[in-house]
Amino acid sequence: MELKVDLDKCTGCGTCVFACPFGAIEIVDGKAKVYDSCVDCGACVDQCPEGALFIGVRIAGEVRVQDYRNVWVFAEQRDGVLTRVSHQLLGKARQLADTLGAEAHAVLLGHNVEPLAQELIADGADMVYVADDPLLKHYRTDLYSKVLSDLIQSKKPEIVLFGATTVGRDLAPRISQRIYTGLTADCTGLDIDESERLLLQTRPAFGGNIMATIICPRHRPQMSTVRPGVMAAPQPDKNRQGSVEHVPVTLGDEDMNVKILEVVKEARRRVNLEDAKIIVSGGRGLGSPEGFKVIEQLAEALGGEVGSSRAAVDAGWIDHDYQVGQTGKTVRPDLYVACGISGAIQHQAGMKEAKFIVAINKDPGAPIFQVADVGIVGDLYKVIPEIVKQLKAVGAGSKI
Ligand SMILES: Cc1cc2nc3c(=O)[nH]c(=O)nc-3n(C[C@H](O)[C@H](O)[C@H](O)COP(=O)(O)OP(=O)(O)OC[C@H]3O[C@@H](n4cnc5c(N)ncnc54)[C@H](O)[C@@H]3O)c2cc1C
């Protein structure tokens, strides 16, 4: 850590010069200049009337926030297919860029991925940087971090957004550390403070009991991860025009700490809750793992997917892939049926955007009824079989 001067704020008033017990600061060309005799004691920091001095991370050169422009999205692709969150983030990047009077750019890393650039332009990108190289075919932390941080340092975006996927959660912190900037993980809201040109990054804090809005005023870019499903994907406009810039990739053995010998895909049922139109979720009220058989029956009768609360996951009744909520998936189905789920705030964080919510719970005071459109007070083991019977009687599943 070392004493830093925010050159945008410094007025050269000289208060710091008098405050410094070591004579380590002078005013040069109207701005405070810190010399090597500074011991980072911070005596000047409190005295500065403009808040222009701070003890920060040691970086090469001053950060001139005004040098940074445009909003970037790391466009994550897997096997040549863009992840859904990439589309969602581009929709948000477009809004943020419009508010800032800036451009929205996407960065695409991979091999033979250029055809995806047009999809990103249709989503709202003004420009797509494409880094295409056989070494980038599969995600590797070291290579992706190098290419992306080099590009960020050369092009200087003011905001960079990542999906909070397995890849994004691995890559974003690595980059923020390399380029000495902050990162706010798992944002649920992104907005702009237009007067200060700051990204307002909102996320749950203290176990979801408060929403904190975090800013990164002194470092650039401002970086956030956003979980899939939190932002709505834009309507693609296939006629939109944008440009593509190829990024030269110069990777050598010295950049590679990991070699991929083989890619083995785990054979398991893909849980696609984020895309599901209908979800039937079970919670601790099921009483045992067998309870999910009843949930599956209702999901099948409705033509939907199975979800769960965290309590059911923690009990080992179902895999974490099925968990809906703050630390699970964020879903936006047309119909969400919560069975034996109390409706804790952390569960609601993942499902309250559902268009229609049905809750089945034997406790009439359960918080889930406050967000439900239809509430059924009763024992799920009596209510669900009856609903399934009625649905089968009218042959509903395929018609919904
Ligand atoms: C940081 C943090 C992150 C979290 N993330 C998540 C998350 O992502 N997702 C999540 O779900 N939770 C999350 N939680 C946990 C959350 O706070 C709750 O503990 C959890 O959601 C409770 O799960 P539940 O509703 O299944 O269980 P309970 O709260 O125990 O509720 C069970 C409900 O079942 C009802 N019931 C019992 N028997 C029956 C029956 N036979 N028929 C009908 N109803 C019945 C009861 O009346 C009760 O309302 C998180 C907590 C923290 C602190």
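Order of appearance sets the numbers: ligands from 1, and atoms from 1 within every ligand. Bear in mind the structure is a predicted one, so any value in this text is a computation, not a measurement. Hydrogens, waters and symmetry mates are skipped; everything else that's a heavy atom, side chains included, is used.
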Among all protein heavy atoms in this structure, tell me which lies nearest to [atom], with the distance rounded to 0.1 Å.
| atom | answer |
| --- | --- |
| atom 34 (O) of ligand 1 | Gly340 O, 3.1 Å |
| atom 46 (C) of ligand 1 | Asn361 OD1, 3.5 Å |
| atom 45 (C) of ligand 1 | Lys362 CG, 3.7 Å |
| atom 37 (C) of ligand 1 | Gly285 CA, 3.3 Å |
| atom 5 (N) of ligand 1 | Thr327 OG1, 2.7 Å |
| atom 23 (O) of ligand 1 | Ala311 CB, 3.2 Å |
| atom 41 (N) of ligand 1 | Asp379 OD1, 3.0 Å |
| atom 14 (N) of ligand 1 | Gln346 CB, 3.5 Å |

- Item | Which of the ligand 1 atoms, numbered from 1, are nearer than 4.0 Å to a heavy atom of Gln323 |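 It comes down to these atoms of ligand 1: 6 (C), 7 (C), 8 (O), 9 (N).
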
- Query: If hydrogens are left out, which of Ala338, Ser342, Ala366, Gly365 has an atom nearest to atom 29 (O) of ligand 1, that is, the closest non-hydrogen atom?
  - Reply: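 Ranked by closest heavy atom to atom 29 (O) of ligand 1, first place is Ser342.
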
- Message: Using heavy-atom distances only, which candidate in Arg310, Gln348, Arg284 approaches atom 12 (N) of ligand 1 most closely?
- Response: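 Result: the heavy atom closest to atom 12 (N) of ligand 1 is in Arg310.
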
- Would you check whether Ile345 reaches within less than 4.0 Å of ligand 1, judged by its heavy atoms?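 Flag not set, Ile345 not near ligand 1.
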
- Message: Test of understanding: given a 4.0 Å heavy-atom threshold, classify the contact between Val383 and ligand 1 as side chain, backbone, both, or neither.
- Response: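 Neither part.
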
- Please work out whether the ring planes of Phe162 and Phe74 are parallel, tilted or perpendicular, with thresholds of 30° and 60°.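 Answer is tilted, since the angle falls between 30° and 60°.
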
